[in-house]
Amino acid sequence: KTGEANINAMVENVGINKNVILNFTIPKGDKGDIGPQGLVGTTILDSYASLYEDNGNSYMLVANTPNQVELSKNSQIKNMDISFTNTVKVLNAGIYKIDYFFSSVASVQSDISIELRKENITINGTKITKKVNNQEYVWFNGSIIVSLNKDEKIDLAVSSTTNVILTPDEDTVSYLNIIKIG
C-alpha cells in the first residue's frame with residue numbers, strides 16, 4: 001500500500017510464522033511536473049464523397065465543347081450532397097483534396113482534355129490534355145488541393161479539339177474523390 005509522503009517505508013508481518021504475509025508500505029513521491037499537451041482530436045474528415053463510374057456510356061464530343069463526365073455511383077459519402085447528376089455539392093466550406101480520373105478509347109485522332117469544374121468553370125491547375133491516336137486508349141489522373149465554399153458544385157468534364165466518340169473500357173471509367181482536409 002502507499003503511505004503518506006512524510007513516513008518511512010515499512011514491512012509488517014500480518015500472518016503467522018508458518019505462513020508469512022508481508023505488507024509493504026511505501027511513501028508517496030512528490031508530484032511531478034505537468035507533461036506536454038497531447039494531440040487534440042479533430043473532425044478533419046467530417047466531409048467527403050467518392051463518386052465513380054465503372055460501366056459508362058460512350059461520349060459523342062463536339063469539338064471544343066465540355067461534356068460532363070458520368071459519375072453515377074458512389075461508395076462513401078459524409079456531409080456532401082450528391083443529389084445532382086454527376087456532381088458533388090459542398091455542404092461545409094473548407095480546404096479540400098480532390099482526386100479525379102477518366103479513361104476511354106478515342107474514335108479518331110484528337111487532343112482530349114479532362115478538367116475539374118466548380119460551378120461549370122474550370123478549376124485552375126486541373127485541366128489535363130493528351131494527344132490521342134485513332135482507337136488509342138487514353139487515361140487521365142489528377143489531384144489538387146483547393147478552397148471551396150458552402151453550396152459550390154463540383155464536377156468533371158471532358159472535351160476534345162475535334163468531333164470524337166470516346167468509348168469507355170470495362171473497368172473503372174471515371175472517379176472523383178473529394179475530402180475535406182482543413
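If you're wondering where the values come from, they're calculated on a predicted model, not measured in any experiment. Side chains are part of it too, since the values below use all heavy atoms of this structure and drop only hydrogens, waters and symmetry mates.
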Query raised in the report: Heavy atoms, side chains only, cut-off 4.5 Å: are Y96 and V90 in contact?
Result: yes
Report task. Give the intermediate values and the outcome of side-chain contact (heavy atoms from CB on, under 4.5 Å) for residues L166 and L61. Result -> CA-CA 8 Å; L166 299 179; L61 299 182; 3.6 Å; yes
Query raised in the report: Considering residues at least two apart in sequence or located in another chain, which fulfil the side-chain contact (heavy atoms from CB on, under 4.5 Å) criterion with N134?
Result: none
**Report entry** Working for side-chain contact (heavy atoms from CB on, under 4.5 Å), residues V132 and S110
**Finding:** CA-CA 5 Å; V132 183; S110 184; 5.7 Å; no
Query raised in the report: How is the hydrophobic cluster of I165 composed, in terms of its other members, when Ile, Leu, Val, Met, Phe, Trp and Tyr link through side-chain heavy atoms under 4.5 Å apart, directly or indirectly?
Result: M60
Query raised in the report: Is the shortest heavy-atom distance from the side chain of N86 to the side chain of L51 under 4.5 Å?
Result: no
Requested in this report: Carefully, step by step, assess Q135 and V108 under the rule side-chain contact (heavy atoms from CB on, under 4.5 Å).
Outcome: CA-CA 7 Å; Q135 297 305 311; V108 297; over 6 Å; no
Requested in this report: May I ask you to test the W139-F101 pair for a side-chain heavy-atom distance under 4.5 Å?
Outcome: yes
Requested in this report: Could you pull out the closest heavy-atom pair between P66 and R117, with the gap in Å?
Outcome: CB-NH1, 3.9 Å
Query raised in the report: Is there a side-chain contact between Q76 and Y48, using heavy atoms and a 4.5 Å cut-off?
Result: yes
Kindly list each side-chain donor-acceptor pair under 3.5 angstrom involving residues 144-154, sequence neighbours excluded, with atom names and distances?
from: E152; atom 1: OE1; to: N149; atom 2: N; distance (Å): 2.7

Query - Test item: S104 and Y59 side chains (from C-beta on) under 4.5 Å apart, heavy atoms - result: no
Requested in this report: Let me see the working for S143 and D99 under side-chain hydrogen bond (donor to acceptor under 3.5 Å, both in side chains), right down to the final yes or no.
Outcome: CA-CA 4 Å; S143 184; D99 299 318; 2.5 Å; yes
Side-chain donor/acceptor pairs under 3.5 Å, residues 172-179, sequence neighbours excluded:
from: S174; atom 1: OG; to: E70; atom 2: O; distance (Å): 2.7
from: N177; atom 1: OD1; to: S50; atom 2: OG; distance (Å): 2.6

Report task. Report yes or no: do T129 and D111 form a side-chain donor-acceptor pair below 3.5 Å? Result -> no
Query raised in the report: K78: what forms a salt bridge (Lys or Arg N to Asp or Glu O under 4.0 Å) with it, not counting sequence neighbours?
Result: none
Requested in this report: For I128, check side-chain contact (heavy atoms from CB on, under 4.5 Å) against everything at least two apart and list the hits.
Outcome: Y100, I114, F140
